[in-house]
Amino acid sequence: MRRGQWLIEGLIASLVYLAAAAAMTWPAINHLDEVIIGGGELGGWLWRYWWHFTELEAIAASDLSFTDRVLTFLSLGRYPETGNILDVLFVSFPLSLVWDLPAHYNLKVFFILVVDGLCGYALGRSLSRQPVTALAAGLLAVVNPLNLQDIHGSGLRQVVLWWVLLFPIALARAEERQRPIDGVLAGLVLALCGAFYWFYGLFAGMFFGLFALRVLWGQRSSLRLIQRSLT
């Protein structure tokens, strides 16, 4: 498929998923700097965000090397117990440098949901040639009970579905192309699943185990030939 077509489909899908995110959090999109999306354990998570921001600023002001800064930040975050380390580093903190609370948190919610939708769209597009089918798959990745519960009841750890949705695509690509670089890419996506949310890494690992068993079962005749040649 041409790059231009991908861009058009991605733009249309982004607008649809932004509208869906706005609907499920209404009327927050009209009051980004006045109200905050969520409830339940949100206060505790916002305190953790502030604490991680403070850690980042303190580490940046130190004379530690880059490697020591990364290791110090991860140790202060006590991964994997607290989770949300990488999304704090790459999403929350940059947004907080431009917008104040609650705007930067609300924008993070919309950003995560739209990217969820786009990753769901990519997964659907890899399985179907119909853009409408892929659009529906992405919409399900945005509007689902898990996202609704986590956005309105606690933090955002379980809402970051990006890598879980991309992992099957990476595995299928590695199986189809049989290139080392594609295997490395699949391994990287698996690592990101666990880095963003520890339990998603475990789930993705179990999915990989089932995937590997399917591949081995499909190649059982070749494995028998290899076994016979060795004996």
Side-chain angles (χ1 to χ4, degrees), residues 33 36-38 40-116 118-119 122 146-147 150-151 154-171 173-174 179-209 212:
D33 58 348
I36 192 164
I37 301 171
E41 300 177 356
L42 178 59
W45 280 107
L46 291 177
W47 181 87
R48 289 184 180 184
Y49 283 6
W50 171 83
W51 181 247
H52 287 317
F53 294 168
T54 303
E55 291 173 349
L56 280 172
E57 292 169 353
I59 293 171
S62 70
D63 56 356
L64 296 173
S65 66
F66 175 78
T67 302
D68 288 338
R69 290 183 183 189
V70 173
L71 293 176
T72 301
F73 177 70
L74 292 178
S75 66
L76 288 173
R78 291 169 296 281
Y79 178 85
E81 286 82 3
T82 56
N84 278 61
I85 295 299
L86 292 187
D87 76 89
V88 168
L89 183 61
F90 294 114
V91 183
S92 299
F93 188 66
L95 289 175
S96 71
L97 297 177
V98 182
W99 290 278
D100 294 327
L101 190 71
H104 73 74
Y105 181 84
N106 293 333
L107 289 170
K108 177 182 178 179
V109 172
F110 286 114
F111 177 77
I112 289 176
L113 289 174
V114 171
V115 178
D116 275 354
L118 291 175
C119 292
L146 179 64
N147 282 358
D150 222 40
I151 287 173
S154 59
L156 299 174
R157 288 183 302 171
Q158 299 181 77
V159 184
V160 183
L161 303 174
W162 312 340
W163 313 110
V164 176
L165 296 170
L166 294 178
F167 187 50
I169 304 175
L171 280 180
R173 184 187 182 98
R179 298 187 308 176
I181 185 63
D182 294 307
V184 171
L185 180 61
L188 176 61
V189 176
L190 175 59
L192 287 170
C193 286
F196 272 77
Y197 185 41
W198 175 245
F199 288 106
Y200 282 169
L202 296 178
F203 300 152
M206 289 187 285
F207 178 82
F208 173 71

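Looking at heavy atoms from C-beta onward, Val164 lies out of side-chain contact with Phe203 at the 4.5 angstrom threshold. A heavy-atom distance below 4.5 Å is not found between the side chains of Val160 and Tyr200. No side-chain heavy atom of Ile112 sits under 4.5 Å from any side-chain heavy atom of Ile151.
Note that CD1 of Ile36 and CG of Leu42 are 5.0 Å apart. Values are rounded to the nearest 0.5 Å. Atom CG of Asp100 is separated from atom CG of Leu95 by 12.0 Å, given to the nearest 0.5 angstrom. Remark: Phe208 CZ to Cys193 SG distance equals 12.5 Å, nearest 0.5 Å. Between the NE2 atom of His52 and the CD1 atom of Ile59 there is a distance of 10.5 Å, given to the nearest 0.5 Å. From Leu156, atom CG reaches atom OG of Ser92 across 7.5 Å, with rounding to the nearest 0.5 Å. Between the NE2 atom in His104 and the OG atom in Ser96 there is a gap of 5.5 Å [rounded to 0.5 Å].
Heavy-atom contacts from other residues, nucleotides or ligands closer than 6.0 Å to CZ of Phe93 number more than 12.
Contact between Tyr197 and Gln158 at its shortest, heavy atoms only, is CE2-CG, 3.5 Å. Looking at every heavy atom in both residues, Val189 comes nearest to Ala170 through CG2-CB, 4.3 Å. Heavy-atom minimum distance, Leu161 versus Leu146: CD2-CD2, 4.2 Å. Nearest heavy-atom pair, Ala186 versus Phe167, reported as atom, atom and distance to 0.1 Å: O-CE1, 3.4 Å. What you find for Leu64 and Arg69 is that their closest heavy atoms are O-NE, 3.0 Å. Contact record, Gly201 with Leu190: O-CD1, 4.1 Å, taken as the closest heavy-atom pair.
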Hey, mind stepping through Trp163 and Phe196 against side-chain contact (heavy atoms from CB on, under 4.5 Å) and telling me if it holds?
-> CA-CA 9 Å; Trp163 313 110; Phe196 272 77; 3.3 Å; yes

side-chain contact (heavy atoms from CB on, under 4.5 Å) evaluation trace for Phe111 with Asp87 = CA-CA 11 Å; Phe111 177 77; Asp87 76 89; over 6 Å; no

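Remark: the backbone N or O of Ile37 is paired with a side-chain donor or acceptor of Asn106 at under 3.5 angstrom.
Note: Trp47 and Trp50 have tilted aromatic rings, judged against thresholds of 30 and 60 degrees for the angle between ring planes.
Relative to the ring axis of Trp45, Arg48 places its NZ or CZ within 45° and under 6.0 Å from the centre.
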